[in-house]
Each structure stands twice: as C-alpha cells, then as structure tokens.
Amino acid sequence: HTESHLMEIPQIALIHLAAGCTTILAGTVALASAKGRRLHRWAGIVFVAVMLCLTLSGLYLSYSREIIFTAFLAILASHLVITGWFAARHKDGTTRRVEISALLLIMLNTAVCLAAGLHLSIAGNDAPELPSAAEYFIVAGFSGFLSILDFRAMRPAGLDARGRIARHLWRMCFALFIAVGIFFGGNSNILPEFAQHPIILAAPVVAVLAVMVFFLLRVWLGRGPPAA
C-alpha cells in the first residue's frame with residue numbers, strides 16, 4: 001500500500017516529501033550532536049537550507065491545491081528558521097535587514113490569519129474539512145507572539161548571550177516540531193501499517209518538544225553551552 005501511495009504522488013509533492021524527510025533527519029542530528037561543534041553546525045546548515053526548500057514547496061502546494069491555511073504554517077516555519085539561525089550566527093547584537101523583513105512578514109501573517117479567523121467566525125464555515133476559525137486564531141496568536149519577541153530582540157540593548165542561545169534553540173526546535181507534526185500527522189498514509197499507530201505517530205512530536213524544554217532549562221539554569 002505504501003508503494004502505491006508513493007506512485008500516485010505528483011513530482012513536486014515527492015520533492016516536498018523528500019525535503020521533509022531530510023529536514024527531520026538533519027534536525028535530529030543537530031539536536032543529538034554536541035552544541036557548537038562542527039557536526040552540529042553542519043547539520044544546522046543543512047536543516048535551515050532544506051527547511052526553507054520545504055516551506056517554498058509547501059507554499060507552491062498550498063497555492064496549487066488551494067489550501068491556503070498551510071501557506072500560513074509555511075510562513076511561520078520559515079520565520080522561525082530564519083530568525084533562529086541569525087540569533088546564533090550574529091553575536092554583535094545588531095539587527096539585519098533580513099530580520100526586519102522577517103518581522104514584517106510575520107506581522108502580515110498575523111493580520112491575515114486574524115482576518116481569516118474573524119471572517120469564518122462571522123460568515124461560518126461551509127466546508128467542515130477545511131481549517132476552522134479557531135485554527136486561524138491559533139496561528140495568528142502565535143505569529144503575533146513572535147512579532148512581540150522580535151520587537152524586544154531589536155531593542156538597542158538587544159539580547160545577551162544566554163538570550164540569543166535560548167532564541168536560537170527554541171525557534172529551531174519549534175520549526176522542527178512543525179515539520180515533524182505535519183509529516184507524522186498529515187502523511188501517515190505513506191508509512192508502513194505498523195507505524196500508523198497513534199502512539200507511534202505522536203512519539204516523535206512529543207520527543208521534539210521534550211528535548212526543546214530540556215535544553216531550554218539547561219540554558220536558563222546556566223548549564224547550557226556558552227555559544228550556539
């Protein structure tokens with residue numbers, strides 16, 4: 001059954017699927033390797049590059065399939081990756097143009113998702129299989145939360161070393177969480193039957209969040225790495 005499902009998938013969707021698998025693999029290596037070392041950095045580079053490819057292909061699929069909601073998730077994930085990457089790369093506390101652009105994009109994501117949620121709340125949802133107003137509000141709320149954090153990071157005082165590490169860590173982990181959640185939650189039909197059990201599908205998603213919390217606690221308690 002898995003082989004027949006793969007044969008029916010369009011080429012761009014196969015590219016998207018391959019990018020998703022590579023993203024999860026690279027993200028796992030980055031999490032498991034010693035922070036700040038060569039393997040961690042190279043895995044991070046691959047993760048960022050393939051994650052951006054994943055979001056671009058996701059945007060195309062959202063447009064071609066007229067599933068607009070996933071486009072907002074792609075924008076959210078790309079914002080997390082870009083801002084998380086720059087938090088680790090630039091240690092002088094200055095704000096780059098790309099970070100300003102990312103802030104404007106996530107603010108736009110907030111406004112459009114909020115407007116879509118309000119529209120569905122007032123007009124109603126005639127297609128129950130499509131995302132609900134609550135789902136749009138959740139993405140809008142999280143995007144707005146990111147906007148606030150970005151404003152705070154761009155203040156003249158900026159972030160100290162521990163703040164930069166925490167910003168890098170949780171944003172990269174949450175981007176991986178989105179990728180893992182969509183892969184195991186929305187593509188379970190391509191997995192072997194034994195791997196389609198709800199517990200098996202949920203385990204990787206929970207694991208990413210658990211690892212993120214573990215490393216964040218280490219950073220906040222002063223036991224994390226001195227540099228990303």
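Index from 1, following the sequence. Since the structure is predicted, the reported quantities are computational estimates derived from the model, not experimental observations. Note that these values count all heavy atoms, side chains included, but never hydrogens, waters or copies made by symmetry.
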Plane angle bin for Trp170 and Phe174 - parallel if under 30°, tilted between 30 and 60°, otherwise perpendicular: perpendicular
Nearest-0.5 Å distance, SG of residue Cys113 to CD1 of residue Ile75: 7.5 Å
Phe142 with Leu105, same ILVMFWY side-chain cluster at under 4.5 Å: no
Interatomic spacing from CH2 in Trp220 to CG in Leu169 - rounded to 0.5 Å: 9.0 Å
side-chain hydrogen bond (donor to acceptor under 3.5 Å, both in side chains) against Thr23, all qualifying residues, sequence neighbours excluded: none
For the student: nearest non-hydrogen atoms of Gly181 and Val205, plus distance: CA-CG2, 3.9 Å
Side chain to side chain contact (heavy atoms under 4.5 Å, CB included) partners for Leu31, two or more places apart: Cys173, Leu176, Val211
Residue pairs, two or more places apart or on separate chains, that pass salt bridge (Lys or Arg N to Asp or Glu O under 4.0 Å) and touch residues 165-181: Asp150-Arg167, Asp150-Arg171
Pairs meeting criterion side-chain hydrogen bond (donor to acceptor under 3.5 Å, both in side chains) with involvement of residues 100-123, two or more places apart: Asn109-Ser143
Hphob cluster co-occupancy, Val213 + Phe145, side-chain heavy atoms under 4.5 angstrom: yes
Same cluster (ILVMFWY, side-chain, under 4.5 Å), Val208 and Phe214: yes
Same apolar cluster (I L V M F W Y, side chains within < 4.5 Å links), Leu146/Ile148: no
Residue pairs involving residues 200-216 (criterion side-chain hydrogen bond (donor to acceptor under 3.5 Å, both in side chains); sequence neighbours excluded): none
Test side-chain hydrogen bond (donor to acceptor under 3.5 Å, both in side chains) applied to Ser57 - qualifying residues, sequence neighbours left out: His16
Point-to-point distance, once rounded to the nearest 0.5 Å, from CZ of Arg38 to OG of Ser33: 13.0 Å
Greater than 12 external heavy atoms within 6.0 Å of Phe69's CZ: yes
From Ile68 atom CD1 to Leu73 atom CG, the distance as rounded to the nearest 0.5 Å: 12.0 Å
Using residues 43-56 as the side-chain source, report each donor-acceptor pair under 3.5 Å to any protein atom, sequence neighbours left out, with the distance given to one decimal.
from	atom 1	to	atom 2	distance (Å)
Thr55	OG1	Met51	O	3.4
Thr55	OG1	Leu52	O	2.8

Ile138 with Leu108, same ILVMFWY side-chain cluster at under 4.5 Å: no
Qualifying residues under side-chain hydrogen bond (donor to acceptor under 3.5 Å, both in side chains), relative to Ser78, sequence neighbours excluded: none
Salt bridge (Lys or Arg N to Asp or Glu O under 4.0 Å): pairs with one or both residues in residues 77-87, sequence neighbours excluded: none
Minimum heavy-atom distance His168-Ala88, with the two atoms named: ND1-CB, 3.3 Å
Counterpart residues, side chain to side chain contact (heavy atoms under 4.5 Å, CB included), relative to Phe151 (two or more places apart): Leu103, Met107
Leu114: hydrophobic cluster co-members (side-chain, 4.5 Å): Leu118, Phe137
Partners passing side-chain hydrogen bond (donor to acceptor under 3.5 Å, both in side chains) against Thr70 (at least two apart in sequence or in another chain): Ser62
